[in-house]
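Comments concern the structure below.
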Amino acid sequence: MSPYVLFVVNPAAGRGRVGRMLEHLQRLIQRRADGLRVEVAVTQRPGHATELAQKAPSQSRVVAVGGDGTVHEVVRGLAGSDKALGVVPIGSGNDFARMVGLHRLGLEAAVEAALRAPAHPVDLGLVNQQPYGASLGIGFDAAVARKALEAPTLLRGMPRYLYSLFGVLRELELPQLELYQNDRLLYQGPSLLVALMNAPTYGGGIPIVPQAVPTDGLLSVAVAGRFSRLGVVGILPRLLTGRHVHHPRLRFFQGEAFLARFDRPVPAHTDGELIPPSTEYRVQVVPGGLSVAGFGG
């Protein structure tokens, strides 16, 4: 029997770009699908991509068409299975696609890779037993993302980001963090943010942990300690270009499992998607826990 490939298409991805090109996408997929059993499913609501991925047959390939949020939902549906992930990156950030070297492919090449390129293993992250693909951010960056949900609808792009950034800065009060690795205390004190990464980048290419490798069986961790409002504004240009790594209030670690414990609930995001604030995040890596089409090929 021919291999089965399910394309999970998020019409809201890329600020609605995917929805506008849906008919073109469907024609392209069908044209390229010669000899394969292919189905296209369009998501209807948050969480739908996870359901579709879970229901796909054993040993099939499930392709996320959209951005990091779509990939994240599909990853949650594939984790622990024998199914492979494909990615056609049409989103605002595309950090997962960047991590696996697929972000520069044109649309036709991305569809072809999703259909036929060999699949290779990459590491999978777990936070409080929930899977993620590329990134976990806890603290300031997640608070900015949460504030953006409250921004006036007329604000888009950079104005929306700046509104959210300075809104969080105005209320900035750093939580106290204890970061453990195998019961060994690595850091204790105030913390602006913690990033526990499979990928070097998040937020659409910000190189938060440039040394991260998604196949080394390790999480790469950045801890930003005590920062004032002015200090946050000052480090942002360095962060955007990867020149933050030698800052004295940044610490970097690598390992298989970590516990981040805070003195109050702190917001977080996985692959850019907000998750409920918590006082405790138990994070670990599953080496080779995800099979990705086109990676390493």
Side-chain angles (χ1 to χ4, degrees), residues 5-33 36 38-53 56 60-78 83-117 119 122 131-135 145 148-149 156-158 160-161 198-206 214 269-274 290-297:
V5 184
L6 172 65
F7 283 80
V8 176
V9 181
N10 177 7
R15 300 186 179 92
R17 181 184 171 207
V18 174
R20 293 190 294 272
M21 59 190 298
L22 182 57
E23 289 186 11
H24 173 67
L25 274 167
Q26 290 173 320
R27 288 194 301 269
L28 174 60
I29 291 166
Q30 293 302 327
R31 190 169 70 245
R32 292 279 184 170
L36 300 172
V38 172
E39 183 180 352
V40 177
V42 179
T43 61
Q44 305 296 321
R45 59 189 180 278
H48 193 195
T50 300
E51 297 171 19
L52 291 167
S60 61
R61 181 171 291 192
V62 182
V63 181
V65 183
D68 285 321
T70 312
V71 174
H72 177 73
E73 286 200 11
V74 172
V75 165
R76 292 190 66 169
L78 298 182
K83 307 168 197 176
L85 169 71
V87 181
V88 176
I90 316 175
S92 304
N94 298 324
D95 284 295
F96 186 94
R98 184 177 285 106
M99 178 182 79
V100 296
L102 298 174
H103 64 298
R104 288 197 174 98
L105 294 182
L107 180 60
E108 292 206 18
V111 169
E112 183 65 24
L115 285 167
R116 292 185 172 84
V122 300
Y132 67 92
S135 63
L149 297 176
R156 296 182 179 274
M158 186 56 69
R160 190 178 189 88
Y161 174 77
N198 278 326
T201 68
Y202 67 5
I206 298 171
H269 65 85
T270 50
D271 301 325
E273 297 296 296
L274 290 169
L290 189 65
S291 183
V292 181
F295 175 67

Distance (rounded to the nearest 0.5 Å) between Leu107 CG and His24 NE2: 5.0 Å
From Leu28 atom CG to Phe7 atom CZ, the distance as rounded to the nearest 0.5 Å: 8.0 Å
More than 12 heavy atoms from other groups under 6.0 Å of CZ on Arg17: no
Rounded distance (nearest 0.5 Å) linking atom NZ of Lys83 with atom CG of Leu78: 6.5 Å
Check: Asp271 main-chain N/O paired with Asp68 side-chain donor or acceptor under 3.5 Å: no
Glu108 bridged to Arg31 by N-O distance under 4.0 Å: yes
Among Ile29, Leu6, Val8, Val5, side chain to side chain contact (heavy atoms under 4.5 Å, CB included) partner for Glu39: Leu6
Reported CG-to-CZ distance for the pair Leu22 and Arg27, which is rounded to 0.5 angstrom: 10.0 Å
Stepwise side-chain contact (heavy atoms from CB on, under 4.5 Å) test for Leu290 and Phe96: CA-CA 12 Å; Leu290 189 65; Phe96 186 94; 3.9 Å; yes
salt_bridge(Glu51, Arg45) N-O dist < 4.0 Å: yes
Short side-chain to backbone donor-acceptor contact, Arg116 and Val111, under 3.5 Å: no
Check against side-chain contact (heavy atoms from CB on, under 4.5 Å), Asn10 and Val65: CA-CA 6 Å; Asn10 177 7; Val65 183; over 6 Å; no
Gly66 to Val18 - nearest heavy-atom pair and separation: CA-CG2, 4.4 Å
Shortest non-hydrogen separation from Arg98 to Thr201 and the atoms involved: CD-OG1, 3.6 Å
Inter-residue atom distance Asp95.CG - Ile206.CD1, 0.5 Å rounding: 8.0 Å
Nearest non-hydrogen partners of Thr43 and His48, listed with the distance: CA-ND1, 3.4 Å
Contact summary for Tyr132 and Asn198, nearest pair of heavy atoms: O-ND2, 4.2 Å
Atom of Ala113, atom of Ala293 and distance for their closest heavy-atom approach: O-CB, 3.9 Å
Heavy-atom check, side chain of Val87 versus side chain of Val63, under 4.5 Å: no
Those residues that, when tested against Tyr202, pass ring-ring contact (aromatic ring centres under 6.0 Å, His included) (two or more places apart): His269
Approximate separation, where rounding is to 0.5 Å, of Ile90 CD1 and Arg20 CZ: 11.0 Å
Heavy-atom side-chain contact between Leu85 and Val74 under 4.5 Å: yes
Heavy-atom closest contact (Gly67 atom, Asn94 atom, distance): CA-OD1, 3.8 Å
Sidechain-backbone polar pair: Arg61 side chain, Ala114 backbone, donor-acceptor under 3.5 Å: yes
